[in-house]
Amino acid sequence: MSTSVVIGGTAGLGRFVAGRHAGRGDTVVIAGRDAAKAGEVAREMGPTVTGIAVDLARPHTIAESLRTVERVDRLVITAAFQKPSTLTDFDIDEAVIAVTTKLVGYTEAIRVLRDRFGPSASVVVFGGLAKERPYPGSTVITTFNSAITGLIKTLALELAPHRINALHPALVGDSPRWAGADLGHMTARTPIGRLITMDEVADAVDFLLDNGAMNAHDLFVDGGVLAQ
Ligand SMILES: NC(=O)c1ccc[n+]([C@@H]2O[C@H](COP(=O)([O-])OP(=O)(O)OC[C@H]3O[C@@H](n4cnc5c(N)ncnc54)[C@H](OP(=O)(O)O)[C@@H]3O)[C@@H](O)[C@H]2O)c1
């Protein structure tokens, strides 16, 4: 029996990935900031899923929050605080939450869980295409997604022989984040003529998790956006 832990699994891409793993019979632990919400989402997903509260923006609490996780075969971390802000409206408190979540929180969660890794366990952490394609207001987002590249390189050495990779999606057209948004301008900039999908992102997550040769890589799932 394989155990997947998805931090950020209560919504969006994390929830989709967790649902896929649950659907094939894995034991799945999903985590978000709120215990009641995590429990409710887990119940909706099925009997092999449990929900726990973990707040990556409060790194000192992470070890205690993950206490009940006994084993990890696949660790996926998608959680993000992602609110664009330009220098004109720069919000220091939000920037600290965003950077802490992605960099300190991701690292601490992996540190805490590594002793519970099964023999073939591997890790996928999420960045985003803003790493390579900044836009006005993306300074914090571009910075923390760029730092994810450094994180996987050093953690690949520390976690060896376990593997860690980063997945950087372009805008995911059918993700809840963009529900109701007019994304025509982004579709026009995507060579495949449409936006990428959650299913394609989940496929790429499974590839990184399961292919034993993939380690310390940034995988861009972008429909060709970076070709331009
Ligand atoms: N969707 C896209 O088009 C897109 C494109 C490029 C990159 N990405 C990246 O993909 C990842 C997932 O994006 P998404 O659209 O799926 O996001 P989302 O729908 O906003 O979901 C974010 C998840 O993270 C959890 N979370 C937020 N802050 C947390 C914290 N401090 N501690 C623990 N959990 C926390 C949320 O749970 P609670 O609210 O329950 O705490 C939720 O489950 C992000 O890293 C994002 O930057 C997404």
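No hydrogens, no waters, no symmetry mates; every other heavy atom, side chains included, goes into these values. Note that ligands are numbered from 1 as they come in the structure, with each ligand's atoms numbered from 1 the same way.
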Ligand 1 and [X], any nitrogen or oxygen pair closer than 3.5 angstrom?
X    : value
I7   : no
V172 : yes
T78  : yes
G14  : no

When you compare the side chains of [X] and [Y], does any donor N or O come within less than 3.5 Å of an acceptor on the partner?
X    : Y    : value
T142 : K131 : no
D218 : H168 : yes
E200 : T197 : yes

inquiry  = Taking salt bridge (Lys or Arg N to Asp or Glu O under 4.0 Å) as the cut-off, I'd like each qualifying pair that reaches into residues 160-179, sequence neighbours left out, listed once.
reply    = none

Specify the protein heavy atom at minimum distance from [atom]: its residue, its atom name, and the distance to 0.1 Å.
atom                    : answer
atom 31 (N) of ligand 1 : D55 OD1, 2.9 Å
atom 20 (O) of ligand 1 : R177 NH2, 3.7 Å
atom 16 (O) of ligand 1 : L13 N, 2.8 Å
atom 33 (C) of ligand 1 : V54 O, 3.0 Å
atom 25 (C) of ligand 1 : G8 CA, 3.8 Å
atom 39 (O) of ligand 1 : R33 NH2, 2.9 Å
atom 7 (C) of ligand 1  : G127 O, 3.4 Å
atom 34 (N) of ligand 1 : A79 CB, 3.5 Å

query = For F117, what residues pass the ring-ring contact (aromatic ring centres under 6.0 Å, His included) criterion, not counting sequence neighbours?
reply = H162

Just heavy atoms, cut-off under 4.0 Å: does [X] contact ligand 1 by side chain, backbone, both, or neither?
X    : value
W178 : side chain
P176 : neither
I97  : neither
R15  : neither

Answer yes or no: are there more than 12 heavy-atom neighbours, outside [X] itself, under 6.0 Å from its atom [atom1]?
X    : atom1 : result
Q228 : CD    : yes
R133 : CZ    : yes
H185 : NE2   : yes
I92  : CD1   : no
R189 : CZ    : no
E44  : CD    : yes

Enumerated ligand 1 atoms positioned under 4.0 Å from heavy atoms of [X]:
X    : result
G128 : 7 (C)
K37  : 38 (P), 39 (O), 40 (O)
T10  : 36 (C), 37 (O), 38 (P), 40 (O), 42 (C), 43 (O)
G32  : 34 (N), 37 (O), 40 (O), 41 (O)
Q82  : 46 (C), 47 (O)
S175 : 1 (N), 2 (C), 3 (O)
A57  : 31 (N)
G12  : 16 (O), 19 (O)

query = Is the shortest distance from a heavy atom of G173 to ligand 1 less than 4.0 Å?
reply = no

query = Can a protein heavy atom be found under 4.0 Å away from atom 22 (C) of ligand 1?
reply = no

request  = Decide yes or no for E108 and L66: does some side-chain heavy atom of the first lie under 4.5 Å from some side-chain heavy atom of the second?
outcome  =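 E108 vs L66: side chains apart.
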
message = Any non-hydrogen side-chain atom of R74 less than 4.5 Å from a side-chain atom of D210?
response =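 Touching, per the 4.5 Å side-chain cut-off.
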
message = Between R20 and D199, does any NZ, NE, NH1 or NH2 come within less than 4.0 Å of an OD or OE carboxylate oxygen?
response = yes

query = Salt bridge check: are E40 and R43 linked by an N-O gap of less than 4.0 Å?
reply = yes

